[in-house]
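Down below is the structure, laid out as structure tokens.
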Amino acid sequence: MKLITCGLPYANGKAHIGHLRTYVPADVYVKYLRMLGEDVVFVCGSDCHGTPIVVNAEKEGLEPKGLVDIYHEHFQKVFSEIDIDFDYFGRTDAEYHHHRTQDLVRRLMENGYIYPKEIELAYCPNCNRFLPDRYVEGICPYCGAEARGDECDQGCGRHLEPGEILQPRCKICGSKAVYKKQTHYFFKLTEFKDFLIDFLSNLRGTENALNYAKQWVSAELKDWCITRNLEWGVKFPGEDLVVYVWVDAPIGYISFTEKACEKIGKKWEEIWMAEKKTSEIIHFIGLDIVYHHCIFWPAMLKGSGYSLPDAIVASGMVKVEGKTFSKTRGYVVWLEDDYLASNLNTDFLRYYLVNYTSHQKDLNFSWEIFGDKVNNELIANLGNFLYRTTYFVWKNIGDGEKAELNGFATPETIKMIEETINKIKSSLEVWEFKALSDAIMELSSYGNNTFQHSKPWELIKSDLDSAKKVLADCLQIAKALVILCYPILPKTMRRLSKVFGFDVERSKIEDSLKVEDFTIYKPVIPFQKIEKEKIEELEKIMMERIKKAISEERGETKPDEEEIKEEIKEGGTMSETKDVSSSEKNVVSFEEFKKLDLRIGKIIKAEKIEKSKKLMRLEIDIGDEVRQVVAGIAEEYKAEELIGKLVPVLVNMKPAKLMGVESRGMILAVDVNGKPILLHPDKDVKAGSIIR
RNA sequence: GCCGAGGUAGCCUAGCUGGUGGGGCGACGGACUCAUAAUCCGUAGGUCGCGGGUUCAAAUCCCGCCCUCGGCACCA
């Protein structure tokens, strides 16, 4: 038995193309395994806990559950329309999931892997409560950017542990938060280091995932705070706390498997209980959650006696129109509002996602390429062959109802199909769905070739027997294609299998090799071609969204269409192209220059920042005030020699924090191979003198 | 800066135990008409990121460098 899972969608926003980048290949994989006779369980579900959901629900005037209901239903609907057929699509706020989570946590406690520790947490005196990570805003201790309590989302992107953030403020009322002590619980991740190194060396999956994970484990591991102050979530046993959402979310793989097995009559213990395990566990995830699946998750499972995953398959990132996927910047394709609303065949999208590039690589989604691929590959090659073959037989051999062809395929044809099947099998082993679908398209091409060169339209007039021979070969290929394409194009192939008088959903791969007589019922046109206008319409929708996002970002000027097209062509974001050098554009207007507040400052105090290699804390007199500036010059200059020196200062530099020290301004220096050389005015001038 | 993954015709890619660089899409020309102007045949298009080296022979091995993407790090 094999268990296949997909990373859980967070029930806080709508489904977009990024989700499908993982789910479609996983579904394709599952459908092939089933056709190959494997016993498969396929599960997924909504990730329902965590602060963002609580915050958003509050914003919408809903209970968390109410918000989750909306998105849970949305995801289910979208997945079923796109023929992603999970055996069970659960939700982590369900009772059975809480039960499983608590069981796992208890086992970890019993085995001594969880310990309490008093930590300082942000507390809002005004709201009179502890602030969960996402309710806190402040300064990232690593890069100095504005950050959320759990993650430096604007700056360096680092995960922040509770209590790490500097200058915390309450996100709800905006007032300054204070630190208060409270006991939380930690998972001894550090004890699993050796285990993880060993585990990862045996883990299968895509290299993109495994390489990352190995890199992380060999670096420093920290114990992991697994409790939070929140009402919404799985109660931590014996405390008025909730387990961290990243602890309970993956446990959904277990709890959803239980429900799935209940439904289809299998034993979930054979999958998930270490001592009873007889099955394989394969996780399909996005590249962004490799850390959780390759580090936290196996350690949790190991520590609690559950089974370990056998393979982690990570899909590459999604780009939209050549740009990094971004909901806020408008580079996104919404499944319901964009794709499903367009009434395009959902199989088209499945084909694109599977066939554009290797599963591990970044996938670029562009409506223009989409239209080209569908019209020129899917329809012109595959669709055309299926239709021309079945239609020709039905029209020339049949009696209006159906056509019965006495004729059998030749061994050469069977061999060709066999080769295709072998390619499919070997591609599945390494999760290469592009190679797989290319092999199928090759078979279709071979079919077109056979048809074209044998000229049945001429033979039928002179030599009916020869014509039938040719047609039998073509029909065999066509029927094989219906079967072999089904996992990728389920909707279409279900329809087409009826033309051949069988149900492809119940077929096995080997059925495509079965040589038999054919009966063809009235053919259907496999795919509807995509009109140019449709593509333009969809491009326009995206364009409008990007335009809106840019104007929101800029605050005023609205970019025109040409500008965006230009920008898509060039690559690089709007803001990047604005100030990044590209010969002509690399010209600064006087207006722009005026924005810089450059002055001469006098260094009145200097001291090296402890524990830092390069950083120097400076106090600089800039005329009307004394500024604290951090500069990376400690390797080149000693504190004593800096006192009294006049240096150029960019006064209105965005403030930042470095090594926990605030820096308000930036001193200018010459860069010689990365080493700073300070600049001094030619004559002695007053501190605060303007530079221009 | 460090660590990964990459850089092969306009785009997606195969080839990476070394031996005259394959395929698909697009472009161009032709053939055909059963077919959703689909198909089939042919042509053009590549300094295989750059520079060295090993070798009779390198996209393929070694060294250095550049660029892209992702992760990490004390960029101000």
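Every chain is numbered from 1, with letters handed out A, B, ... down the list of sequences.
- With distances taken from any side-chain atom of A:K529 to the nucleotides B:C11, B:U36, B:A35, the minimum falls on B:U36.
- Summarising the base pairing, B:C74 is matched to no nucleotide, lacking a Watson-Crick or G-U wobble pair whose two defining distances lie under 3.5 Å.
- The separation of B:G29 from B:G45, taken at their C1' atoms, amounts to 15 Å, rounded to a whole angstrom.
- Looking at the side chain of A:F392, the nearest of the listed nucleotides B:C34, B:C25, B:U36 is B:C34.
- Residue A:F385 is out of contact with every strand shown, counting any heavy-atom pair closer than 4.0 Å.
- Across B:U8 and B:U47, the matching P atoms stand 12 Å from one another, rounded to whole Å.
- Spacing of P atoms, B:C50 relative to B:A59, comes out at 11 Å, to the nearest Å.
- Checking B:G6 for Watson-Crick or G-U wobble geometry (two distances, each under 3.5 Å) identifies B:C67 as its partner.
- Judged by closest nucleotide on RNA chain B, A:K434 is the one of A:V524 and A:K434 placed further toward the 5' end.
- Taking 3.5 Å as the limit, the base of B:C41 and the side chain of A:Q452 contain no donor-acceptor pair of atoms between them.
- Between A:L210 atom CG and B:A5 atom P there is a gap of 12 Å when expressed in whole angstrom units.
- In a base pair of the Watson-Crick type (N1 to N3 plus N6-O4 or O6-N4) or a G-U wobble (N1-O2 and O6-N3), with each distance short of 3.5 Å, B:U43 is matched with B:A27.
- You'll find the side chain of A:I417 reaches within 4.5 Å of the side chain of A:L443, heavy atoms only.
- What separates NZ of A:K319 from P of B:C11 is a distance of 13 Å, to the nearest Å.
- With A:S444 contributing its side chain and A:I440 its backbone, the two residues share no donor-acceptor pair below 3.5 Å.
- For the C1' atoms, the distance from B:U39 to B:G51 is 48 Å, rounded to whole Å.
- Separating the CD1 atom of A:I525 from the C1' atom of B:A35 is a distance of 9 Å, rounded to the nearest angstrom.
- Within 6.0 Å of atom NZ in A:K214, more than 12 heavy atoms from other residues, nucleotides or ligands are found, so the atom counts as buried in its surroundings.
- Put simply, A:N449 has a side-chain N or O that comes within less than 4.0 Å of OP1 or OP2 on B:C41.
- Distance check on atom P: B:G52 versus B:A57 gives 15 Å, rounded to whole Å.
- Atom C1' of B:U33 sits at a distance of 15 Å from the matching atom of B:C41, rounded to the whole Å.
- A:T389 comes within 4.0 angstrom of no nucleic acid atom, judged by non-hydrogen atoms across all strands.
- Nucleotides B:G7 and B:C16 are separated by 14 Å at their P atoms, to the nearest Å.
- At the heavy-atom level, A:Y291 lies nowhere under 4.0 Å from the strands shown.
- Side-chain proximity of A:Y356 to B:C12, B:U36, B:U39: nearest is B:C12.
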List the steps, then state whether ring-ring contact (aromatic ring centres under 6.0 Å, His included) holds for A:F451 with A:F385.
CA-CA 8 Å; A:F451 198 104; A:F385 173 67; 7.0 Å; no
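- Summarising the geometry, the separation between CG on A:N381 and C1' on B:G26 is reported as 15 Å, rounded to the nearest angstrom.
- Using modelled atom types, no side-chain atom of A:S466 and backbone atom of A:L459 make a donor-acceptor pair closer than 3.5 Å.
- We find that the ring of A:W457 and the base of B:C34 stack, their centres lying under 5.5 angstrom apart and their planes tilted less than 30°.
- For A:Y212, taking side-chain heavy atoms from C-beta onward, the closest of the listed nucleotides B:G71, B:C40, B:U36 is B:G71.
- The P atoms of B:C63 and B:U17 are separated by 16 Å, rounded to the nearest whole Å.
- Here A:N448 lies in heavy-atom contact (under 4.0 Å) with sugar-phosphate atoms only.
- Using cut-offs of 30° and 60° on the angle between ring planes, the pair A:F296 and A:W224 is parallel.
- Using a 4.0 Å heavy-atom criterion, one finds that A:K361 contacts the sugar-phosphate atoms exclusively.
- Both A:E442 and A:D362 lie close to RNA chain B; mapped to their nearest nucleotides by heavy-atom distance, the more 5′-ward contact belongs to A:E442.
- For A:N396 and B:C34, the CG to P distance is 9 Å, given to the nearest whole Å.
- Taking the six-membered ring for Trp and thresholds of 30 and 60 degrees, A:F433 and A:Y29 have ring planes more than 60 degrees apart, a perpendicular arrangement.
- When distances run from any side-chain atom of A:H453 to the nucleotides B:U39, B:C41, B:G71, the shortest one goes to B:C41.
- Residue A:L475 contributes atom CG, which lies 14 Å from atom C1' of B:A35 at whole-angstrom precision.
- Rounded to whole Å, the distance from CD on A:E368 to P on B:C25 is 17 Å.
- Within 4.0 Å (heavy atoms only), A:D372 reaches no atom of the nucleic acid at all.
- The distance from atom CG of A:L678 to atom P of B:A76 is 13 Å, rounded to the nearest whole Å.
- Ring orientation note: the planes of A:F348 and A:F527 are tilted relative to one another, at an angle of 30° to 60°.
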